[in-house]
Amino acid sequence: MAKVKSVIVIGAGPAGLAAADRLAAAGLDVLVLEGRDRVGGLCRTVSFSGATFDLGGHRFITKDDEVRNYVFELMGEGLELRRRKSTIRLWGKDFAYPLDFKNLLLGMNPLTTARAGIDYLVAAARQSFAPRADVSFEDWVVNRFGRTLYRIYFGPYTAKLWGRPPAEISADWAAQRISLLNLWDVLLLLLKIKKEQPKTYAAQFHYPRGGIGRIYETLAERARAAGAEIRVNAEVLEVRRKGGRVARVVFRRNGREELESADFVISTAPLPRLAEMIKPAGDGKVVEAAARMGFRSLRFLNLVIDRPAITDNTWVYVPEPKYFFFRVQDLRNWSPSLCPPGKSALELEIACDAGDEKWRMSDEEVKAVCMSDLAAFGLDMADDVEAYRSSFEEYSYPVYDLAYRDKLKTVLDFIWPIENLLTIGRGGLFRYNNMDHSIKMGVLAARHVAFGEDRDAILDIAKEQSVFEAPHKRH
Ligand SMILES: Cc1cc2nc3c(=O)[nH]c(=O)nc-3n(C[C@H](O)[C@H](O)[C@H](O)COP(=O)(O)OP(=O)(O)OC[C@H]3O[C@@H](n4cnc5c(N)ncnc54)[C@H](O)[C@@H]3O)c2cc1C
């Protein structure tokens with residue numbers, strides 16, 4: 001690859017900003033184009049009435065030493081170590097989360113417990129002797145946990161989150177998201193044959209005072225100080241290519257179309273949108289695959305509450321379809337810095353598809369439904385709401401339907417071989433990155449561009465989050 005001097009980065013989320021920061025530090029000429037009015041991407045933070053809200057609480061956890069040091073060094077004393085306490089609200093009771101089967105089995109009526117236990121044993125035996133294929137989410141769960149637990153918890157929660165039957169969701173989603181807690185351990189615990197509790201998720205996490213967006217505002221400041229230019233309200237519309245290379249980027253800023261060129265483009269825009277932006281476009285198969293790759297969206301109802309405290313949870317899962325939201329974040333327990341003095345803030349997460357009814361309802365309508373649902377599970381606080389406002393995120397969760405692997409491969413086979421273009425990040429690679437994965441991808445992309453390191457190393461990040469074949473490599 002010829003020596004690269006200038007780079008355009010599309011998107012100022014964790015991946016784009018990490019790339020810009022490292023490229024500027026290496027002395028390259030960097031221009032970041034961000035479509036929204038602020039940096040942070042899915043990790044942006046918004047404030048009103050003295051309270052501060054993420055898009056759903058975002059905790060910083062990583063197993064990667066390089067990313068940990070990178071963020072710790074960036075934020076210094078600005079990061080706090082917080083304790084997590086989360087529960088599942090089911091049948092009017094609170095169950096520990098991650099799902100503690102002992103707690104769950106003891107909380108169910110004895111008949112259901114017996115049925116769940118028998119189902120589980122039958123499924124486990126069948127899986128050992130004649131395993132069934134895992135095509136859909138439903139297959140994966142039923143094959144491992146039996147139908148009763150699927151019907152009680154996994155099925156309804158998944159249907160609510162995705163807005164489609166779990167039989168239409170790929171088994172990959174389950175393999176990535178459900179920890180394979182062994183029910184044998186639970187039975188042995190119940191019978192007191194075993195004393196150790198099974199391993200659960202991290203009980204602690206790091207969180208910046210003032211919201212997760214602080215990390216990315218600080219990163220943007222540092223990238224700017226190193227010479228990067230970051231333009232917000234600059235939505236990229238086209239990535240023009242000439243021969244096998246991208247040559248120019250067209251974007252809209254203040255209602256006007258502008259054009260910039262650079263030696264290299266790093267995109268963190270959602271992959272199907274990038275495929276649509278590239279001109280001349282890919283062949284008919286690429287266009288069709290991109291058009292059929294979907295994202296599940298989220299609406300967040302942010303509430304400022306005139307009460308000093310609400311619960312002792314950081315967040316609560318709400319799987320039952322009768323409730324409008326699927327998760328409740330209690331922000332004071334994330335960090336008191338998010339709430340006005342003496343007050344609290346709640347964030348209710350609502351799964352929807354961009355443009356559907358839940359997305360279009362007015363804030364007043366959403367608030368009315370949510371307050372009545374909160375009251376139904378013992379949190380009646382309608383009279384104490386001081387302010388409320390929704391935030392929206394169209395590209396929250398890449399949809400892993402049964403055909404997603406083929407569509408992803410078709411699109412990546414078109415984009416990955418373009419020598420001076422990289423697509424990285426959560427939407428950019430259509431995989432379930434956490435922010436540390438996206439930061440790492442940004443750092444690796446910068447190393448590829450600045451120092452010629454192997455670009456395919458990026459595809460190994462968060463690989464366990466996505467099971468897709470490597471696209472055709474460049475020759
Ligand atoms: C509800 C929820 C909770 C989460 N909780 C956690 C958590 O607790 N911990 C954790 O580590 N991770 C969490 N994540 C994941 C985390 O948000 C993402 O991994 C991370 O933000 C991805 O960063 P990114 O840079 O890859 O993409 P993004 O954050 O999506 O950034 C992409 C950027 O590109 C911009 N863009 C897109 N198209 C264009 C265009 N055409 N022109 C210009 N700009 C464009 C977007 O506006 C955006 O700013 C959560 C995600 C969700 C949805």
Side-chain angles (χ1 to χ4, degrees), residues 8-20 31-45 53-64 67-68 71 82 84 86 161 201-202 205-207 212-213 215-216 219-220 230-239 249-253 260 265-278 295-300 314-315 325-327 329 334 347-351 391-398 423-443 445 458 461-462 465:
I8 290 176
V9 177
I10 304 175
L17 288 173
L31 171 62
V32 181
L33 298 172
E34 166 55 52
R36 289 203 172 81
D37 65 353
R38 71 192 64 208
V39 302
L42 284 165
C43 296
R44 66 191 183 277
T45 291
F53 299 86
D54 299 342
L55 295 174
H58 270 72
R59 59 209 166 113
F60 178 66
I61 298 178
T62 187
K63 291 182 183 153
D64 186 305
V67 175
R68 185 181 306 106
V71 172
R82 306 294 306 170
R84 155 200 187 146
S86 44
L161 191 61
Y201 291 19
F205 58 91
H206 281 94
Y207 191 77
I212 203 68
I215 296 182
Y216 302 99
L219 190 54
I230 301 174
R231 292 187 205 160
V232 293
N233 293 317
E235 188 197 359
V236 173
L237 306 173
E238 272 183 33
V239 176
V249 167
V250 181
F251 60 100
R252 186 172 31 224
R253 197 158 178 241
E260 289 282 357
V265 175
I266 296 175
S267 174
T268 67
L271 185 66
R273 298 294 84 78
L274 174 65
E276 287 159 6
M277 283 189 254
I278 295 177
F295 284 80
R296 184 73 165 155
S297 310
L298 293 181
R299 176 177 187 151
F300 305 88
T314 28
W315 65 89
F325 39 82
F326 67 91
R327 205 159 49 178
Q329 308 277 353
W334 280 83
E347 180 164 50
L348 312 181
E349 296 175 76
I350 299 154
S391 333
F392 298 85
E393 178 51 58
E394 179 171 354
Y395 296 102
S396 294
Y397 297 110
T423 178
I424 61 167
R426 178 170 166 115
L429 279 175
F430 210 73
R431 63 173 76 172
Y432 283 88
N433 278 13
N434 278 327
M435 63 181 112
D436 59 327
H437 301 122
S438 280
I439 292 173
K440 185 77 176 190
M441 286 182 178
V443 169
I458 295 167
I461 306 300
Q465 310 291 320

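Bear in mind that the values here come from a model prediction, so they are computed numbers and not experimental data. If you read the sequence from its start, that first residue is 1, and numbering goes on from there. Note that ligands are numbered from 1 as they come in the structure, with each ligand's atoms numbered from 1 the same way.
- Of the charged side-chain nitrogens involved, at least one lies within less than 4.0 Å of a carboxylate oxygen, so that Arg36 and Glu393 count as a salt-bridged pair.
- Between Trp334 and Trp315, the ring planes lie parallel to each other; the angle is under 30°, not in the 30° to 60° tilted range.
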Measure from every N or O atom of ligand 1 to the protein's N or O atoms and keep only the pairs below 3.5 Å, writing each with atom names and distance to 0.1 Å.
from: ligand 1; atom 1: 8 (O); to: Arg59; atom 2: N; distance (Å): 2.8
from: ligand 1; atom 1: 9 (N); to: Arg59; atom 2: O; distance (Å): 2.8
from: ligand 1; atom 1: 11 (O); to: Met435; atom 2: N; distance (Å): 2.9
from: ligand 1; atom 1: 12 (N); to: Asn434; atom 2: OD1; distance (Å): 3.3
from: ligand 1; atom 1: 12 (N); to: Met435; atom 2: N; distance (Å): 3.3
from: ligand 1; atom 1: 14 (N); to: His58; atom 2: NE2; distance (Å): 3.3
from: ligand 1; atom 1: 17 (O); to: His58; atom 2: NE2; distance (Å): 2.7
from: ligand 1; atom 1: 19 (O); to: Asn433; atom 2: O; distance (Å): 2.8
from: ligand 1; atom 1: 19 (O); to: Asn434; atom 2: O; distance (Å): 3.4
from: ligand 1; atom 1: 19 (O); to: Met435; atom 2: N; distance (Å): 3.4
from: ligand 1; atom 1: 23 (O); to: Ser438; atom 2: OG; distance (Å): 3.3
from: ligand 1; atom 1: 25 (O); to: Pro14; atom 2: N; distance (Å): 3.2
from: ligand 1; atom 1: 25 (O); to: Ala15; atom 2: N; distance (Å): 2.9
from: ligand 1; atom 1: 26 (O); to: Arg426; atom 2: N; distance (Å): 2.8
from: ligand 1; atom 1: 26 (O); to: Ser438; atom 2: OG; distance (Å): 2.7
from: ligand 1; atom 1: 29 (O); to: Leu42; atom 2: N; distance (Å): 2.8
from: ligand 1; atom 1: 41 (N); to: Val236; atom 2: O; distance (Å): 3.1
from: ligand 1; atom 1: 42 (N); to: Val236; atom 2: N; distance (Å): 2.8
from: ligand 1; atom 1: 44 (N); to: Gly35; atom 2: N; distance (Å): 3.0
from: ligand 1; atom 1: 47 (O); to: Glu34; atom 2: OE2; distance (Å): 2.6
from: ligand 1; atom 1: 47 (O); to: Arg36; atom 2: NH1; distance (Å): 2.9
from: ligand 1; atom 1: 49 (O); to: Glu34; atom 2: OE1; distance (Å): 2.6
from: ligand 1; atom 1: 49 (O); to: Glu34; atom 2: OE2; distance (Å): 3.2

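- Between Val265 and Ile10, some side-chain heavy-atom pair lies under the 4.5 Å cut-off.
- Checked for salt-bridge contact, Arg299 and Glu394 miss the test: no charged N lies under 4.0 Å from a carboxylate O.
- Under the salt bridge (charged side-chain N to carboxylate O under 4.0 Å, His left out) criterion, Arg252 pairs with Glu235, not counting sequence neighbours.
- Between Phe295 and Phe430, the ring centre distance stays below 6.0 Å.
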